[in-house]
Amino acid sequence: MLLKEKIREATDKVITEKFGVNIDNIDVTYPDNPSFGDYTTTVAFRVSKLLKDKGYKLPDISSKIVEGLKEKLKEEFSEINFLNGGFINLKLSKEYLSKLTEEISENEEYGKSDFGRGKGKILLEYVSANPTGPLHIGHARWASIGDSLYRAFITSGYDIKSEFYINDAGNQITLLRESVEAVRQGKEIPENGYHGEYIYELAKTKEDPIKVILEWQKEDLTLFDVHFDNWFSEKSLHDSGYVDDTFNLLKEKGLIYEKDGAWWFKSTLFGDDKDRVVKRSNGEYTYFGVDIAYHRNKIERGFDRLINIWGADHHGYVKRLESAISSINTDVKFEVVIGQMVSLYRNGEPVRMSKRTGDIITLREVLDEVGKDVLRYYLVSKKVDTHIDFDIEEAKKQSEDNPVYYLQYAHARISGILRNSQGIPEIEGSKDIIDTPESEEIARKLAKFPEEIVDITLSLEPQRMTTYLLDLASLFHKFYSKHRVIDNGKVHKGRRVLVKAVKNVLKKGLWIIGVNAPEVM
RNA sequence: GCGCCCGUAGCUCAAUUGGAUAGAGCACCUGCCUUCUAAGCAGGGGGUUGUGGGUUCGAUUCCCGCCGGGCGCACCA
């Protein structure tokens, strides 16, 4: 069980026992100032507010909670007290930290927890680019965020699957095939068709261009270290009659009606601004109409929670799909992470991207120029709701002093120490794992690693991992410059355990954000 | 016009979701390599958190107005 959860549970019990009240969502956080301890709760303020008519004073309340916590948490915490009236601070004991650090050093899977166990089946859908062209830098943002979220969920014990929805049906697909076919027959590409260079490349083959593009996309994602559990074809929904079936279901429920020759979904019943067309007057389904079927299918596959990552250009679409889903099933939880757009620049000049005109910079090009680690770090380190101006020249220039190397360097340094410490004698009496203030700070940081991963799943903000790793790497570099693990040909046993633990955490943390952990740099 | 998102150090971004003295990297200045990797470490300058109100013990965070930027308001996807 996570320490945060333990504290929360204990606090909840203490408050019920001592005051007979219930506080839900008890906050347990890390104080800014490390001298206050490892954990803080401000629950006393809330209890005080609840009991203000009964003559309790804030310090009395705090001191009673502290008393109760001391009894319940003596195994892990050496100091529990309160400050400034209601800030209750808890400090992990050195003995506990030493024991934990030793465990971490022997466990490459440290960071895993069972926090998400029993919390339902999750389907995470992201990228889902149209197979009408190569992936570009915008898709890369969703890919890096989605994959890191997925890794955090898995590590936190959730039952989660990732999925890429292939829009392999509809107008755009027809248009792309026509564009390629035109080139093959030596004709002009239709005005509203696709004009990118890759169209000519596709025309050289005899294969179905959609299939080829899909292969390109899969290759790019593999290079980007992004994995999907399932690739779901839109076309399969049409072919199996599932779209028609869903349409009929909505009709039976009285949720669609005919007007001006088209069929409309009554999304206003569920809070949308207006009703939306699901089937056009020419008999074809709209994207929305098919999407309802797709999401119904997700629900029927037994998922309780649907998380989608979309670009900000689709945010107006959230409400109507939400409406449709709640009309089918009210238990399923539907969440959309809206990511702001990525604008591309080269030497300060904006690069307009359009698949139609072929004016794009592909993910592959950027990968070739700046490398996977730099790009994944860059894209995951920024909160999804901030707009990104990505300058490819700037990214290359900065790559020398990119923070990602700071993290990797810490890992490589430790790897070096571990290599050099093999087969050399140990310093006598060097068993202490925490024998310096710097070691202690490191151990305290390591203790919070599983919670950081869980926090990513709760906030859906993977950039937190980059902040954590920078902190940890910084603590290690400080330790390294001040203390020696190998001294005069002999190794300090306890410190070797400590740096090994740091290595395991760095590696796992880098894995969460899809960055390699090199042994040598 | 209506809706969603953003505005924090010269630049790029954090801030554990309402907590204690708002932190990192880059850039700039000053030091540190005869022992484990200097892609590092130590120190310095740099802020009215766009702006004006409000809510409360407490606001970068929540609410309202204004300014600036992005995105959207289809029988397109």
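Convention: sequence-line order gives letters A, B, ...; per-chain numbering from 1. Here the structure is a predicted model, which is why all the values come from computation and not from measurement.
- Among the heavy atoms of the strands lying under 4.0 Å from A:N89 is at least one base atom, whether or not backbone atoms are also near.
- Two rings, from A:Y126 and A:W142, have their centers 6.0 Å or more apart.
- Within 4.0 Å of A:Q422, counting heavy atoms only, lies no atom of the nucleic acid at all.
- Contacts of A:T286 with the nucleic acid, taken as non-hydrogen atoms under 4.0 Å apart, involve only primed sugar atoms and P, OP1 or OP2.
- Between A:H314 and A:Y317, the two ring planes are perpendicular [angle over 60°; tilted spans 30° to 60°].
- Under the 30°/60° scheme for interplanar angles, the aromatic rings of A:F265 and A:F270 are found to lie parallel.
- Of all nucleotides listed (B:rA77, B:rG70, B:rG40), B:rA77 comes nearest to the side chain of A:H314.
- A:E451 comes within 4.0 angstrom of nothing in the nucleic acid, heavy atoms only.
- Base-pair partner of B:rC26: B:rG10 (Watson-Crick or G-U wobble, both distances under 3.5 Å).
- At the heavy-atom level, A:F288 lies nowhere under 4.0 Å from the strands shown.
- Looking at A:T466, its side chain has no donor and acceptor atom pair within 3.5 Å of the base of B:rA14.
- Nearest to the side chain of A:Y406, among B:rC41, B:rA20, B:rC73, sits B:rC41.
- Of all nucleotides listed (B:rA20, B:rA77, B:rU21), B:rU21 comes nearest to the side chain of A:N33.
- The phosphate of B:rA15 has OP1 or OP2 within less than 4.0 Å of a side-chain N or O from A:K383.
- Within the 4.5 Å cutoff, the side chain of A:Y287 has heavy atoms near those of the A:N167 side chain.
- If you check the side chains of A:N81 and A:K91, you find no donor sitting under 3.5 Å from an acceptor.
- When both pairing distances are held under 3.5 Å, B:rC41 makes a Watson-Crick or G-U pair with B:rG31.
- Pairing for B:rG1 is with B:rC73, a Watson-Crick or G-U wobble pair whose two hydrogen-bonding atom distances lie under 3.5 Å.
- If you measure from atom CG of A:D385 to atom P of B:rC13, you get 12 Å, rounded to the nearest angstrom.
- Within 4.0 Å of A:K490, counting heavy atoms only, lies no atom of the nucleic acid at all.
- Across all strands, A:T40 comes closer than 4.0 Å to base atoms (heavy-atom distances).
- Within the nucleic acid shown, A:E519 comes within 4.0 Å of at least one base atom, counting heavy atoms only.
- Residue A:D260 is classed as a base contact, given a heavy-atom separation below 4.0 Å to a base.
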